[in-house]
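Reading through the structure tokens given below for one structure.
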Amino acid sequence: MWCAWIMKARSPMPYEEKWAKRWLEERVFEADPIPGAPKIFVCVPYSYQNAPLHVGHGFTYTRGDAYARFKRMQGYNVLFPWAWHWTGEAVAGTCERLKRGDEAVKRMLVEIDGVPEELLEKFTDPAFVTRYYTEENREVVKAMGFSVDWRREFYTTDLHPYYSRFIEWQYITLRNLGYVAKGRHPVVWCPRCESPTGDHDRLVGEGVSPEEYTLVYFKLDEYDAFLAAATLRPETIFGVTNIWINPRSEYVLIEVDGKRLIVSRQAAEKLQHQMKVKVTERIDPEKLIGKFAEAPITGVRIPIFPADLVDPDFGSGVVYSVPAHAPYDYAGIVALRRNEERLRRYGIKEIVESIKPISIIRVPGYGDYPAVEEVERLGITSDTDPKLEEATKTIYSKEFHSGVMKENCGEYAGKSVAEARDLMKQRLIELRLGGVMWELPEKVVCRCGTETVVKIVEDQWFLRYSDPEWKRKVKEHIMRMNIYPEEARQWFLNVVDWLRDWACARKTGLGTRLPWDPNWIVETLSDSTIYPALYTISKYLNLGIVKPEQLTFEVLNYVYLGAGDPSEIAARVGLSESILRQMREEFLYWYPVDMRISAKELVPNHLTFYIFQHVAIFEPRHWPRGIGVNGMVKIEGEKMSKSKGNFIPLKRAIEIYGADATRMTLLLAAEDLDDPDWRDKNAREAMRMLETILKICEQVASIEEAEESEADAWLLSTLQRRIERITSNMEVLKTRTAASEAIYGLYNDWKWYLRRNGGRIGRAARIFMETWIKLLAPFIPFTAEEAWSILGKSGFVSLERWPEPDKRLINEVVELREEILTRLMEDVRSIIEVYRRNPRRVIIYLAAPSKIRMLEKALEILDARPHNPVGELIRWIMSERIIEAKKAPNMARLIFDLISAYSSRYAREAILEVAKSEKTFYERARDFLERELGALVEIYEEGAEGIYDPRGKALSALPLRPGIYVE
RNA sequence: GCGGGGGUAGCCAAGCCUGGUCAAAGGCGCAGGACUGAGGCUCCUGUCCCGUAGGGGUUCGUGGGUUCAAAUCCCACCCCCCGCACCA
């Protein structure tokens, strides 16, 4: 019933569909345990099914697939499975918006995601949406040629017949181990929607998260109550000189936890989301002003002053004033002193005059009163000057990072500001002279238009990632893992350090219910951690060998942990013992995951959780072995996003360029943590390249072999080096380098070979071609299969053995000769270019035998690693009278320049052999040179009889670098 | 702010760990030529500046330093990108 809606991605490359079909039909990528055979388990994170897969997915997946294919060809038994993520709240959110008739959602679905309009009505059902995309994306994954064992496929949530059983097992196990616990935590909350307001659900305030303020209670002489001031800097209590309240705001008396507190009316409302608050009466601020209150800890009595700078909508609407270290406070005092009307009205003139900043923090670069200095430096004159914000930031940060508490701070004296801050907060709370208030540093407005507050969610289930012991184990394992690129390792370690407890359950969306508390649904990132383990047995469920209901806690405990007696367990669930044992064996065979490949956005969450959960649940031998991290795709240099309209679904890429060109474009775009840039130009170039490869293949397949030449030896020799480089790069997931070598590196070799061979195709061509196709197979598998069949090969190149470099075919002499030949051509061209005329004759002078002896000596000297090799060679040249003494130093230098280019890459023997056989070599290459240079080529040896040398160029001849004269 | 990555020629991007072979791979773009009926295909050549001889000069975010020698090592600074938790 689904197929009617799903349009297959049609590649413009006619052969792609054919091979995709054959791979499936012949079950090429289905992997079962082979006892004794080495295995590799490669996987990529499953994607959330709320949209079509895009080229960003394509990048990560292609890397994963290329690695899987590479390892498969190397002879490993490779498992590369696939699944779909349905868990989460986003789809439900979209469905809701659609239900409400949101035009933007409709447009996005139809225009960007390509959903048929008549289906929109069904898109109000989350399950339908995820199913729809799964059906569509599965076709895309197949069309991309990912080498998946489809028998193991599943999707998540309790809509699936058995996935939730796995999640339940995971969470019961985690809870039994003490890794799941209940707690409370602050969220940005929309009072109207009665739900947390995530970043993507906001009209205003993206990226804003709750900040923790400390409430400091100041005992009032009257009301038998406390003024509760909210602050980010409780350590400054030693410097308090007064309290600020806003005379134009409303204040209320509230009861919290048996304490009577005074805060602004607005603050009282907000606090109701964070604690049990009872509002008892209104308080007139006018009556408070001029009164005194007692500061906690210090016991100092301080006056209450009016200030407009106090915002009743922010914090508690009560501020305590530390003019020495808080620019706002200092500016407030200054402003109040000038406000005769207020001073008179409240009768506080004298007391205000007497206020002196109290210095309590020593900070490098400032005197006793940093706030005063900063206010004066910026020329701030009013307490509403916007520059105060900047001043506050500067002081806050300076004091936090390098401030030390002064002697007048009691037991906190000498401690850093950062340390004192935490201790003071703790102490105030202990003494019940303070509390915690969460506040948003900026306004956040929900998509529904309501301004949000901070709510403390009670009874929230957490994964206890803050557990030091758990962290330690995870970090130790990270140190041992294969992580590519290496830079990502430190990142992981930092993330582990920084990770707090993770709220692992939600009230809404699709997913699996917590088995012991079904009001909660396991959160999306929390349910997608150890599921690679499910791949090892999902085959049994999908093939109907095991029934979903047989996947009990006991069964899973046995399969994954080896717990319990298999025959008893099997009997209890009505499963044959051998099947149960086989599942255990299969898990043991495939696990651990050898390589998990993902984009870097998942480092701070999924990938780290993945390690945590494995470390918690499984035996150490089953902990993940390798992780590969990559960048995130950009489109023509810009971030890809649906709103920008530069969103490229994989399906569309396939339809325009074909799967292989898409794969190739992505692979060549970046590796390591760099962000690949998708460019249409590059994709079109990739298409042409694929055609070219097939053309070359046809040529090689059809043409009769010419006689073997030196070019054949060169082609095979250089091929070995390519094999080596591609292989070693693939081992460390340098997919870009590897693909580039495999595609362009070998292509350039081929071009040179043809050129050098005058277009003749020799014996090496076929060997080269076969090897080339194999080397291409992990990257552009469709084209590789097609090429393989063009060569007349049967079977799949995907299953061929990966080439290994054959040392015997490496021929340094031949390689070096090609190198000096190209060097010669470059030199000649460079001369012609300056000469600016087409040459008729090019004369080449080869170095005299005495100079070859000089080269030999130079190599000897270099081997001995003396202090002054050049000097030694000069002395030798002069003693042997190779050249007139005056020119010896220059000659020596030239020789060393020359061999420095070769000596590290070529053996001494090879260099000498090439030098000694230059004459015959250039004679053989003469036809080629004439063809290339479009001129007659003559070759002489320096000092030979009858030499034609009108400009004395023979003298400049060096071994491996002949003299040149152009006419 | 904290953490991670990065700044290389017209563009994209390698090189940097393991200094010299680096005026700096490869691709794109551009220019010239070959092929062709023609070409938006393919191939060759060139593409920092100067030069009628293979050379010289100035370059690899900025400023210092180490070294016989630095794109590569060290220090400081500037700029850009990404993540920072209830979104997956």
Side-chain angles (χ1 to χ4, degrees), chain A residues 45 47-48 50-51 85 87-91 93 185-188 195-201 207 209 393 396-397 400-401 457 460 465 485-488 490-495 497-506 523-526 528 600-606 629 631-632 634 636-637 639 668-677 679 681-682 684-686 688-689 691-692 695 736-737 740-741 743-745 747-748 751 754-755 823-824 826-837 868 896-905 932 951 953 956 961-966:
Chain A
S47 64
Y48 188 51
N50 68 334
H85 203 196
T87 310
E89 297 162 291
V91 167
H185 78 138
V187 294
V188 179
S195 66
T197 310
D199 236 12
H200 302 285
D201 295 326
S209 50
K393 269 197 181 134
Y396 182 99
S397 147
F400 179 78
H401 289 104
V457 178
Q460 170 73 55
Y465 288 150
E486 187 55 40
E487 304 95 88
Q490 189 55 47
W491 190 3
F492 275 111
L493 291 170
N494 292 339
V495 169
D497 273 334
W498 154 96
L499 208 61
R500 304 196 303 258
D501 288 348
W502 182 261
C504 64
R506 293 292 130 80
E523 179 268 339
T524 169
L525 282 170
S526 309
S528 56
K600 62 187 174 185
E601 58 175 346
L602 298 188
V603 169
N605 42 66
H606 164 71
V629 183
M632 290 162 70
K634 296 191 167 185
E636 311 285 340
K639 195 176 165 162
L668 291 176
E671 66 196 1
D672 295 349
L673 295 180
D674 294 334
D675 294 330
D677 189 6
R679 282 174 190 264
K681 270 259 155 54
N682 294 357
R684 297 199 183 275
E685 157 59 23
R688 280 198 293 274
M689 191 64 208
E691 264 174 56
T692 304
K695 231 178 273 169
R736 177 199 151 101
T737 306
S740 166
E741 283 279 322
I743 296 164
Y744 288 110
Y747 174 58
N748 287 332
K751 279 197 291 189
L754 275 190
R755 216 172 132 186
R823 176 79 193 258
L824 175 77
E826 277 167 23
D827 283 348
V828 173
R829 286 203 172 105
S830 151
I831 293 166
I832 291 170
E833 207 186 318
V834 181
Y835 187 59
R836 283 190 190 142
R837 258 178 279 168
N868 182 2
F896 275 109
D897 278 355
L898 185 72
I899 57 179
S900 75
Y902 300 129
S903 64
S904 64
R905 287 177 297 137
E932 289 286 325
R951 288 185 65 166
K953 285 290 168 184
S956 67
R961 196 163 187 210
I964 300 161
Y965 173 59
V966 174

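Sequence lines set the chain letters: A, B, ... in the order given, protein chains first and strands last, and positions in each chain run from 1.
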What is the nucleic acid contact for [X], judged by heavy atoms within less than 4.0 Å: base, sugar-phosphate only, or nothing?
X      : result
A:R755 : sugar-phosphate
A:P45  : nothing
A:A503 : base

B:rG51 -> Watson-Crick or G-U wobble partner, both distances under 3.5 Å, gives none
Do A:N494 side-chain and B:rG3 base share a donor-acceptor contact under 3.5 Å? no
Please state whether the base of B:rG55 and the side chain of A:S830 form at least one donor-acceptor pair under 3.5 Å? no
Nearest whole angstrom, please: distance from the [atom2] of [N] to the [atom1] of [X].
X      : N      : atom1 : atom2 : result
A:R829 : B:rG33 : CZ    : P     : 16 Å
A:L525 : B:rC87 : CG    : P     : 11 Å
A:K600 : B:rG3  : NZ    : P     : 18 Å

Quick test of the criterion, 5.5 Å between centres and less than 30° between planes. Is A:W498 stacked on B:rA85 or not? yes
Scoring nucleotides 12-27 of chain B by protein non-hydrogen atoms under 4.0 Å (B base, S sugar-phosphate only, - none) yields SSS------B---B-S
Among B:rG55, B:rA85, B:rG3, which nucleotide sits nearest the side chain of A:L499? B:rA85
What distance, rounded to whole Å, do you find between the two P atoms, one in B:rG1 and one in B:rA76? 16 Å
Using atom C1' in both nucleotides, what's the gap between B:rU72 and B:rU18 to the nearest angstrom? 10 Å
Just by modelled atom types, is the A:R688 backbone N or O under 3.5 Å from a matching donor or acceptor in the A:T692 side chain? yes
